Amino acid sequence: MTDDAISDLPEQMQIRRDKRRAVLESGRDAYPVRVPVTHTIEQVREQFPEVPAGEMTGVEVVVAGRVLFIRNTGKLCFASLRSGAGTAVQAMLSLDRVGEDALDEWKHLVDLGDHVWVRGEVGASKRGELSVFATEWGFAAKSLRPLPVAHKPLSEETRVRQRYVDLIMRDEARTIARQRITALASLRTSLTDRGFLEVETPILQTLQGGASARPFVTHMNAYDIDLFLRIAPELFLKRCVVGGIEKVFDINRNFRNEGADSTHSPEFGMLEFYEAYADYDDGARLTRELVQEAAQAVCGGLVVTHVDGTVHDLSGPWTTIALYPSVSAAVGRDITPTTPLSELVELCVAVGIDVDPAWVPGRVVEELFEHHVVPTFTGPTFVKDYPVDTSPLTRDHRTDAGVVEKWDLYVDGFELATGYSELVDPVIQRERLQAQAALAARGDAEAMPLDEDFLAALEHGMPPSAGVGMGIDRLLMALTGLGIRDTILFPLVKPL
RNA sequence: GGGCCUCUAGCUCAAUUGGUAGAGCUGCGGACUUUUAAUCCGUAGGUUGCGGGUUCGAGCCCCGCGGGGCCUACCA
């Protein structure tokens, strides 16, 4: 006989273990391999949308669900059985229908959190609650741990560390888990409907590249080499474009070995797509359509309501501004890529922005932009034409000197997506990557080494292309107003 | 990286100046055939995050460590 009495266990857990043993010893099964279910709880709800209070339907069903509310009286017991998706139906066990033994066992063995099944006629209680009037019941799975109180909010830490409990207790947790998948499906549908091909690119990479970030490093025993977990799929998607997959995307997980806080997760979801014979304006247009179609799929419309009750309108063509003109308007002075650093620093000091002496002029302009312009945004906003000295890997603007063909999409004050007219000249790309490699050689952990194979691919000729990256977590944040950790089912947490 | 706050029963939280660790829900026993956080009677449940120190006495004060949160800095 197994010893299921574990010492030092909290009383309530020990009692549930004792009940489990009592179930088995009584000849019932606490964990049957199969349960005689005839209807899901959803099906019962759909089939009997309105049963008048106190009336019966004559239809017998067997339903199973988790017990989330329980109320026992002397000869009549109530329980609310809920499906995983959150639909509930009431079970009623009365002495005259289920019999004395089954009623007593129910009262003494069933706890909140247990999975049970009941067989019985569908009807409505005197209060009008749709109910299954049990003639028979059994366990589907006995729960050995007590649930938290239903009417007090679970601490944020418990919600994240024990997401299974969060999913049981909180409607919003169940909702966001489904919304995330809905958003991903919407992005896939939107892109494949437009002729894009979804590919998979490697997570284990021999060289880091495609972004400036510190990678996670791991080791491959067979080849005895260090490998990097990807920080971006970019260089592989460009290889696809070179190879003729001219509309291509990857929905992937990236890993960055940097800070983890309320807006940054060390692993995060990302959509990247590339479209040949398109430029950054085309990429912006498609990005807007993707976000709007995702909003339609997830929220049922383009006007979305956040968890704090605020309403956000994602419809329309959205505002597009250029970085330098917007800063010029805000500070009342003409700011261009040739404005001297001293003048830019002066403007920062005047409004209390601390300037790092190492910053290049473009960086200082971006600080002025974030201070003066970003807070004025009233809806989704594309900001285009960034300083060349902060975007060394990006193609120069076709007409404006000193800026590059890059945009950032701001929603709710954070950056949701970024897009480029991709640099495809292999000679210029090599020069810029060589400069990065020099930084890497000097110890800059975020700089990329020279990827000869990528350059060889470009030297075969890559058509002019638009490239876009969008954060999946941030898309969910924009649609729901949640923090990043609520959009990720299992965010990384430090072990206790 | 810096600063501030926080960790007490299964869950959510109290505990006055350093003086017997409590409540609600949950649990357990009992009553109740229409409950929705039922009601009533009775009752159990604690290594106060971990380790040291001060003190006659520490949940409370001091030091160290760990977890969490907020602000700030940095990074995308």
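None of the values given here were measured: they were computed from a predicted structure. To find a chain, count down the sequence lines: A is the first, B the second, and so on, and within it residues start at 1. Side chains are part of it too, since the values below use all heavy atoms of this structure and drop only hydrogens, waters and symmetry mates.
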Around atom CG of A/D101, are there more than 12 heavy atoms from other residues, nucleotides or ligands closer than 6.0 Å? no
By nearest-heavy-atom nucleotide on RNA chain B, the more 5' of A/S131 and A/P148 is A/P148
Could you tell me whether A/R256 contacts a base, only the sugar-phosphate backbone, or nothing, with contacts defined as non-hydrogen atoms closer than 4.0 Å? sugar-phosphate
Donor-acceptor pair (no angle test) under 3.5 Å: A/Q12 side chain, B/G10 base: yes
Is the side chain of A/T40 donor-acceptor paired with the backbone N or O of A/Q43 at a distance under 3.5 Å, no angle test? yes
Would you tell me if any nitrogen or oxygen in the side chain of A/K75 comes within less than 4.0 Å of OP1 or OP2 on B/U33? yes
Quick one: is A/R161 getting a side-chain N or O under 4.0 Å of the B/G68 phosphate, OP1 or OP2? yes
Nearest-angstrom distance, P atom, B/U54 to B/A9: 28 Å
Interatomic distance at P, B/C7 relative to B/U43, whole Å: 31 Å
Under 3.5 Å on both distances, the Watson-Crick or G-U partner of B/C32: none
Base paired to B/G64 (Watson-Crick or G-U; both N/O distances under 3.5 angstrom): B/C50
Integer-rounded Å distance: B/A76 C1' and A/Y420 OH: 10 Å
Starting the side chain at C-beta, find the nucleotide from B/G67, B/G10, B/U34 nearest to A/K126. B/U34
Quick one: sort the A/F382 and A/W318 rings into parallel, tilted or perpendicular, breaks at 30° and 60°. tilted
Can you check whether A/T418 reaches A/K406 side chain to side chain, under 4.5 Å on heavy atoms? yes
Go through the side-chain N and O atoms of A/T201 and A/D250 and say whether any donor and acceptor fall under 3.5 Å apart. yes
Using nucleotides 39-43 of chain B, report all nitrogen or oxygen pairs with the protein that are shorter than 3.5 Å.
none

By nearest-nucleotide position on RNA chain B, the 5'-leaning member of A/F268 and A/K494 is A/K494
Please identify each residue that fulfils side-chain hydrogen bond (donor to acceptor under 3.5 Å, both in side chains) with A/E136, with sequence neighbours left out. A/R119
Ignoring the backbone of A/S125, work out which of B/U34, B/A76, B/C74 is nearest its side chain. B/U34
Taking atom P in both B/G29 and B/U17, compute the distance separating them and give it to the nearest angstrom. 42 Å
Tell me which nucleotide, if any, is Watson-Crick or G-U wobble paired with B/G24 when both distances must be under 3.5 Å. B/C11
Residue-phosphate contact under 4.0 Å: A/R485 side-chain N/O, B/G69 OP1/OP2: yes
So what does A/R170 hit on the nucleic acid, given a heavy-atom distance under 4.0 Å: a base, only sugar-phosphate, or nothing? nothing
Ring pair (Phe, Tyr, Trp, His ring centres under 6.0 Å) between A/Y410 and A/F377, worked out: CA-CA 8 Å; A/Y410 280 80; A/F377 293 162; 5.5 Å; yes
When the P atoms of B/C4 and B/C61 are compared, how many Å lie between them, rounded to an integer? 15 Å
Scanning all shown strands, the Watson-Crick or wobble mate of B/G1 with both distances under 3.5 Å is B/U72
Give me the distance, rounded to whole Å, that separates B/C62 from B/U26 when you measure between the C1' atoms they each carry. 38 Å
Any side-chain donor-acceptor pair under 3.5 Å between A/S465 and A/E422? no
Distance between the C1' atoms of B/G10 and B/A44, in whole angstroms? 13 Å
Looking at the rings of A/W137 and A/W106, which for Trp means the six-membered one, are their centres under 6.0 Å apart? yes
Sticking with atom P, work out how far B/G45 lies from B/C28, rounded to a whole angstrom. 15 Å
Examine B/G10: is either OP1 or OP2 under 4.0 Å from a nitrogen or oxygen in the side chain of A/R17? Give yes or no. no
Expressed in whole Å, how much space separates the C1' atoms belonging to B/U6 and B/C50? 16 Å
Are A/S155 and B/U12 close enough that a side-chain N or O sits under 4.0 Å from OP1 or OP2? yes
At under 4.0 Å between heavy atoms, what does A/M92 touch on the DNA or RNA strands: base, sugar-phosphate, or nothing? base
Hey, is the side chain of A/H151 poking within less than 4.0 Å of OP1 or OP2 on B/C13, counting only N and O atoms? no
